[in-house]
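Heads up, the thing below is written out as structure tokens.
Because the structure is predicted, anything quoted here is derived from the model rather than measured. Both ligands and their constituent atoms are indexed starting at 1 by order of listing.
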Amino acid sequence: MSARPTAPVFPRTWGRTDLPVPYATAWSEEKASVGKALISNRSGTGLAYRDEVPTDRDRHGVLWARMTEAPGEGRPNFSTLHSFRQRRSMFDMLCQVCGEPASRTSRGILFLLPHPAGEKKTSDWAEGALSTKPPLCEPCADLATRHCPHLADPLFVRSRKPRIWGVFGGFLTPTANGLRSSPTNDYIPYGHAAAAWFLASQLVIELTRCQVVR
Ligand SMILES: [Zn+2]
């Protein structure tokens, strides 16, 4: 008798309809632990955690939001990417759905981008686009177009040079009553003058040497 092939861990499925849940998607039991743990550093020049450890910052010295890891627990939150798995997918160019290496050909690495209605689909449409959405492998890109409602008319884009650009997150400003979060989130490039007051939650890449392939 032959052994049954091992089922892949990702994508996990959820609910009565076995909806595929991407590797990078956050689950409801994965909690962001920010709040009271954050302070102004001793010299008052930027943010710090009270009990900061080296892994709280990236190689550019930017502080990251902490999030527990419990994929598969609770409900998937399809509109949120888990900060660690998003960052890992971007650094290692892993498929955001199955967590395996993304599709890479001579035309570049595969990304799926929502196409704003009314915009002309030129072959270099995505050139210079900033994105927090990690790449995909081909089977998962097809899967995503079938299951993701926000990808109504997606474009398959290949980038020969996806470049680490900066981070997405929010500023916190010191006030007499402690730190105050800015009401909106921002994209900032690495090297930004106020990066010391920024709490990152996603890595941002710039897609360069792009072409729309589908
Ligand atoms: Zn995949």
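Rounding to the nearest 0.5 Å gives a distance of 6.5 Å between OG of S83 and CH2 of W64. Distance check, rounded to the nearest 0.5 Å: CZ of R158 to CZ of R209 gives 14.5 Å.
Between F111 and L155 there is no side-chain heavy-atom pair separated by less than 4.5 Å.
Through ILVMFWY side-chain contacts below 4.5 Å, L94 is grouped with nothing and stands alone.
Near the Zn ion (ligand 1), less than 2.8 Å away, sit the protein N, O or S atoms C95 SG, C98 SG, C137 SG, C140 SG.
Salt bridge E138/R214: absent, no basic N to carboxylate O contact under 4.0 Å.
What you find for C95 and C140 is that their closest heavy atoms are SG-CB, 3.6 Å.
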